[in-house]
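Below is one structure, written out as C-alpha coordinates, with a few remarks after it.
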Amino acid sequence: MTVSPLEALAAIAVSLSILHIAVRIVGISDDRRHVAFTKEWGVDSPRKMFMFLQNQGFGSIPLVVAIFVAARFPQLGLRIQDVVGALILFVGIGGEALADAQLKNFRADSANKGRVCDAGLWRWRGGRYRDYRLRTSMFFPLPPQKGVVT
(Lines give C-alpha, C1' and ligand atoms only; values in the text may rest on other atoms or scores of the structure.)
Protein backbone atom coordinates (compact mmCIF):
# COMPACT_ATOMS: atom_id res chain seq x y z
CA MET A 1 0.00 0.00 0.00
CA THR A 2 1.31 3.41 -0.98
CA VAL A 3 0.88 6.36 1.34
CA SER A 4 0.41 9.77 -0.24
CA PRO A 5 2.30 12.80 1.10
CA LEU A 6 -0.99 14.24 2.36
CA GLU A 7 -1.78 11.04 4.27
CA ALA A 8 1.73 11.05 5.75
CA LEU A 9 1.33 14.69 6.79
CA ALA A 10 -2.05 13.92 8.38
CA ALA A 11 -0.56 10.96 10.29
CA ILE A 12 2.29 13.13 11.58
CA ALA A 13 -0.15 15.88 12.60
CA VAL A 14 -2.40 13.48 14.50
CA SER A 15 0.57 11.77 16.17
CA LEU A 16 2.12 15.05 17.31
CA SER A 17 -1.21 16.30 18.62
CA ILE A 18 -1.82 13.11 20.61
CA LEU A 19 1.72 13.14 22.00
CA HIS A 20 1.45 16.82 22.95
CA ILE A 21 -1.87 16.29 24.78
CA ALA A 22 -0.58 13.15 26.54
CA VAL A 23 2.54 14.92 27.80
CA ARG A 24 0.50 17.94 28.86
CA ILE A 25 -2.06 16.09 31.01
CA VAL A 26 0.25 13.73 32.91
CA GLY A 27 -0.03 14.44 36.62
CA ILE A 28 -2.30 17.49 36.53
CA SER A 29 -5.43 18.18 38.52
CA ASP A 30 -8.21 20.68 37.91
CA ASP A 31 -7.24 23.76 35.96
CA ARG A 32 -6.68 26.57 38.49
CA ARG A 33 -8.52 28.99 36.26
CA HIS A 34 -11.60 26.77 36.34
CA VAL A 35 -11.31 26.47 40.12
CA ALA A 36 -11.09 30.28 40.32
CA PHE A 37 -14.16 30.60 38.09
CA THR A 38 -16.08 28.22 40.33
CA LYS A 39 -15.24 30.30 43.41
CA GLU A 40 -16.02 33.57 41.61
CA TRP A 41 -19.34 32.36 40.18
CA GLY A 42 -20.53 30.72 43.40
CA VAL A 43 -23.89 28.93 43.17
CA ASP A 44 -24.17 30.00 39.53
CA SER A 45 -20.93 28.18 38.63
CA PRO A 46 -22.44 24.96 37.14
CA ARG A 47 -24.52 26.92 34.64
CA LYS A 48 -21.75 29.40 33.83
CA MET A 49 -19.12 26.66 33.48
CA PHE A 50 -21.48 24.77 31.15
CA MET A 51 -21.83 27.87 28.96
CA PHE A 52 -18.07 28.53 29.11
CA LEU A 53 -17.30 25.01 27.90
CA GLN A 54 -20.04 25.14 25.25
CA ASN A 55 -18.37 28.26 23.83
CA GLN A 56 -15.10 26.36 23.54
CA GLY A 57 -16.88 23.47 21.84
CA PHE A 58 -18.72 25.81 19.50
CA GLY A 59 -15.38 27.10 18.27
CA SER A 60 -14.54 23.60 17.02
CA ILE A 61 -17.44 23.44 14.55
CA PRO A 62 -15.47 25.02 11.68
CA LEU A 63 -12.80 22.35 12.22
CA VAL A 64 -15.34 19.58 11.68
CA VAL A 65 -16.61 21.25 8.51
CA ALA A 66 -13.06 21.69 7.21
CA ILE A 67 -12.23 18.03 7.89
CA PHE A 68 -15.44 17.00 6.13
CA VAL A 69 -14.52 19.05 3.06
CA ALA A 70 -10.98 17.67 3.02
CA ALA A 71 -12.23 14.09 3.36
CA ARG A 72 -15.01 14.51 0.81
CA PHE A 73 -12.74 15.91 -1.88
CA PRO A 74 -9.32 14.27 -1.49
CA GLN A 75 -6.52 15.24 -3.85
CA LEU A 76 -3.25 13.50 -4.58
CA GLY A 77 -0.09 15.35 -3.71
CA LEU A 78 0.53 18.37 -1.54
CA ARG A 79 -0.89 21.72 -2.54
CA ILE A 80 0.08 25.14 -1.23
CA GLN A 81 -2.99 25.03 1.03
CA ASP A 82 -1.68 21.82 2.60
CA VAL A 83 1.71 23.41 3.29
CA VAL A 84 0.05 26.52 4.81
CA GLY A 85 -2.18 24.26 6.93
CA ALA A 86 0.87 22.31 8.15
CA LEU A 87 2.65 25.55 9.07
CA ILE A 88 -0.42 26.72 11.03
CA LEU A 89 -0.50 23.35 12.79
CA PHE A 90 3.15 23.49 13.83
CA VAL A 91 2.91 27.12 15.01
CA GLY A 92 -0.16 26.14 17.08
CA ILE A 93 1.58 23.15 18.65
CA GLY A 94 4.64 25.29 19.39
CA GLY A 95 2.47 27.98 20.97
CA GLU A 96 0.68 25.43 23.14
CA ALA A 97 3.98 23.90 24.24
CA LEU A 98 5.40 27.34 25.09
CA ALA A 99 2.24 28.28 27.04
CA ASP A 100 2.41 24.98 28.94
CA ALA A 101 6.09 25.56 29.80
CA GLN A 102 5.29 29.08 31.03
CA LEU A 103 2.44 27.73 33.15
CA LYS A 104 4.68 25.02 34.61
CA ASN A 105 7.31 27.63 35.55
CA PHE A 106 4.61 29.87 37.05
CA ARG A 107 3.30 27.01 39.20
CA ALA A 108 6.81 26.01 40.27
CA ASP A 109 7.29 29.41 41.94
CA SER A 110 5.94 29.15 45.50
CA ALA A 111 5.08 32.87 45.42
CA ASN A 112 2.35 32.05 42.89
CA LYS A 113 0.59 29.42 45.02
CA GLY A 114 -3.16 29.67 44.53
CA ARG A 115 -2.88 32.40 41.88
CA VAL A 116 -4.08 32.21 38.28
CA CYS A 117 -1.29 32.56 35.73
CA ASP A 118 -1.51 35.83 33.82
CA ALA A 119 2.07 36.06 32.53
CA GLY A 120 3.61 35.31 29.15
CA LEU A 121 1.17 33.81 26.67
CA TRP A 122 -1.31 33.44 29.53
CA ARG A 123 -1.62 37.22 29.76
CA TRP A 124 -4.37 37.05 27.14
CA ARG A 125 -6.68 34.76 29.08
CA GLY A 126 -5.24 31.38 28.26
CA GLY A 127 -2.57 31.30 25.59
CA ARG A 128 -2.93 27.54 25.33
CA TYR A 129 -6.54 27.87 24.16
CA ARG A 130 -5.62 30.44 21.52
CA ASP A 131 -2.90 28.15 20.18
CA TYR A 132 -5.25 25.16 20.36
CA ARG A 133 -7.66 27.08 18.13
CA LEU A 134 -4.75 27.95 15.85
CA ARG A 135 -3.65 24.31 15.70
CA THR A 136 -7.16 23.11 14.97
CA SER A 137 -7.60 25.73 12.25
CA MET A 138 -4.94 24.06 10.12
CA PHE A 139 -7.63 23.06 7.62
CA PHE A 140 -8.91 26.60 7.01
CA PRO A 141 -6.58 27.29 4.06
CA LEU A 142 -8.55 24.75 2.07
CA PRO A 143 -10.54 26.59 -0.59
CA PRO A 144 -14.26 25.92 -0.97
CA GLN A 145 -14.76 22.83 -3.08
CA LYS A 146 -17.15 22.51 -6.01
CA GLY A 147 -20.36 20.86 -4.88
CA VAL A 148 -20.06 21.81 -1.21
CA VAL A 149 -22.43 24.35 0.29
CA THR A 150 -20.29 27.18 1.66
Please tabulate, for the side chains in residues 5-16, all donor-acceptor contacts under 3.5 angstrom to protein atoms that are two or more places apart in sequence or on a different chain.
{"unit_1": "Glu7", "atom_1": "OE1", "unit_2": "Ser4", "atom_2": "N", "d": "2.9"}
{"unit_1": "Glu7", "atom_1": "OE1", "unit_2": "Ser4", "atom_2": "OG", "d": "3.4"}
{"unit_1": "Ser15", "atom_1": "OG", "unit_2": "Ala11", "atom_2": "O", "d": "2.8"}

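Residue pairs satisfying the salt bridge (Lys or Arg N to Asp or Glu O under 4.0 Å) criterion with at least one member in residues 45-71, sequence neighbours excluded, are listed as follows: Asp44-Arg47.
Separating the CD1 atom in Ile21 from the CD1 atom in Ile93 is a distance of 9.0 Å, to the nearest 0.5 Å. Here the CD-NE2 distance, from Glu96 to His20, works out to 3.5 Å after rounding to the nearest 0.5 Å. Atoms CD and OG, from Glu40 and Ser45 in turn, are 10.5 Å apart once rounded to the nearest 0.5 Å.
Among residues two or more places apart in sequence or in another chain, the side-chain hydrogen bond (donor to acceptor under 3.5 Å, both in side chains) test is passed with Asn112 by Arg115. Evaluation of the side chain to side chain contact (heavy atoms under 4.5 Å, CB included) rule for Leu19 yields Val23 as partners, not counting sequence neighbours.
Using a 4.5 Å cut-off between side-chain heavy atoms of Ile, Leu, Val, Met, Phe, Trp and Tyr, with links allowed through other members, Leu53 and Trp41 fall into the same hydrophobic cluster.
Taking Ile, Leu, Val, Met, Phe, Trp and Tyr as members and joining any whose side-chain heavy atoms lie under 4.5 Å apart, directly or through other members, the hydrophobic cluster of Phe50 also contains Met51.
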